[in-house]
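Every chain is numbered from 1, with letters handed out A, B, ... down the list of sequences. Keep in mind it's a predicted model, so treat the numbers as computed, not measured.
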2 protein chains.
Amino acid sequence: MSVVVHRAAADMLHGAGQRYTNQRRRLVELLMRAGGPGSIPEILGAGRGLKQSSVYRNLAELERAGVVSRVVTDEEFGRWELSEALAGHHHHLVCSSCGRVEDAVMPSGFERSLDRTLDGLARGAGFAHLRHRLDLIGLCADCANDATA
Amino acid sequence: MSVVVHRAAADMLHGAGQRYTNQRRRLVELLMRAGGPGSIPEILGAGRGLKQSSVYRNLAELERAGVVSRVVTDEEFGRWELSEALAGHHHHLVCSSCGRVEDAVMPSGFERSLDRTLDGLARGAGFAHLRHRLDLIGLCADCANDATA
DNA sequence: CTTCCTGCAAAAGTTTTGCATTAAC
DNA sequence: GTTAATGCAAAACTTTTGCAGGAAG
């Protein structure tokens, strides 16, 4: 699986006239292992030796090539994940206490009915519906425990 | 309606030992009229005479009191709206081309089934489900026209 | 050998903070 | 009168950019 992702990432970059360098491979590897979007501090801390300006530039380049996507949050720094082209369509469980973000997949039947509902909404407002973004906000197990204790 | 909102905002602030000053009233008025979340540049530009540092401080204070909420986007500046306590539960239509954001409401039956589905997801992952955030990403009428032309 | 990538340092952008002044209650 | 809000300027913060050196093809 990880081989498939790296192969795809390499192809996507090469198609854009870009190289799949060691540092870019490390970023993809890191995001693939994470189980959810990784924040800039996590990336800079974890990926020992990854330099700030190169990380920003490489994430931007990987995004242009369609390999990664920026995730919107209310945090003060960025979060990045593998694009849905590589990771599949999914949603996020966001802990409002510690900021942790995990991936989650909804039943495909529900996705379909959600998209139909949004099509209707969009039509009514003159919007062309491209995609949606659905996050569950709550407390992760750790933070829920802390609150109880 | 606007009277009701101002009254509620005043109560919420007073409950927190804060004052409902002219500037805070102008912020609430502005966000109430907007039909969607307002960005910091819009607020600073539109509300003539609103000073940058005071706007940031007042939005933070209004958020603490539960009057307004920060909206997450991928823009480089903040967006703010009336809280759901005042404006009711709703979603956003986001134009991926120009950044415009409009409010939208989904059929209540669909909201219920969405919440049930998310309850299941949360339980499976050890999350305590508090609320959700659902945005439709697409092209507003103006940008769709530009693309066609 | 040409093009792209990397790293450092500096700049740009938004947001936050310190402090003296002014307004609200 | 006492406490909180405002405005200005400076600081903090993340992110972007310029430029020289190094690696990739």
(request) Calculate the interatomic distance between B:R25 atom CZ and C:dC25 atom C1'; express it in whole Å. (result) 15 Å
(request) Using modelled atom types only, decide if a donor and an acceptor are shared between the side chain of B:R100 and the backbone of B:C95 within a distance under 3.5 Å. (result) no
(request) Please figure out whether B:E61 or A:T21 has its closest DNA chain D nucleotide nearer the 5' end. (result) B:E61
(request) Would you mind reading off the distance between B:N58 atom CG and C:dT16 atom C1', rounded to a whole angstrom? (result) 14 Å
(message) Just the rounded figure in Å: distance from C1' of C:dC4 to CG of A:L13.
(response) 12 Å
(request) Round to the nearest Å and state the distance from B:K51 atom NZ to C:dT14 atom C1'. (result) 18 Å
(message) For a quick check under 3.5 Å, do A:H89 and A:E111 share a side-chain donor-acceptor pair by atom type?
(response) yes
(message) Without decimals, in angstroms, what is the distance between B:L59 CG and C:dT14 P?
(response) 16 Å
(message) Rounded to whole Å, how long is the line connecting atom NE2 of B:H14 with atom C1' of D:dT3?
(response) 14 Å
(message) Under a 3.5 Å distance rule, please check whether A:S97 uses its side chain to pair with a backbone N or O of A:L139 as donor and acceptor.
(response) no
(message) OP1 or OP2 of C:dC4 versus the side-chain N and O atoms of A:Q18: is any pair under 4.0 Å?
(response) no
(request) Grab the CD-P distance between A:Q23 and D:dA24 for me, whole Å please. (result) 12 Å
(message) Starting from B:M32, can I reach B:V68 by hopping between I/L/V/M/F/W/Y residues whose side chains sit under 4.5 Å apart?
(response) yes
(message) Which label fits A:H91 and A:H132: parallel for a plane angle under 30°, tilted from 30 to 60°, or perpendicular past 60°?
(response) parallel
What protein N or O atoms touch nucleotides 15-17 of chain D N or O atoms at under 3.5 angstrom, if any, and at what distances?
unit_1, atom_1, unit_2, atom_2, d
D:dT15, OP1, A:R70, NH2, 3.2
D:dT15, OP1, A:G78, N, 2.7
D:dT15, OP2, A:Y56, OH, 2.1
D:dT15, O5', A:Y56, OH, 3.1

(message) With a 4.0 Å cutoff (strictly under), does any side-chain N or O of B:S54 reach OP1 or OP2 of D:dA5?
(response) no
(message) Distance alone, cut at 3.5 Å: any donor-acceptor contact between the side chains of B:Q23 and B:T21?
(response) no
(message) Using whole Å, what does the distance between atom P of nucleotide D:dT6 and atom CZ of B:R19 come to?
(response) 10 Å
(request) Spell out, as yes or no, whether a donor-acceptor pair under 3.5 Å connects the side chain of A:R79 to the backbone of A:P37. (result) yes
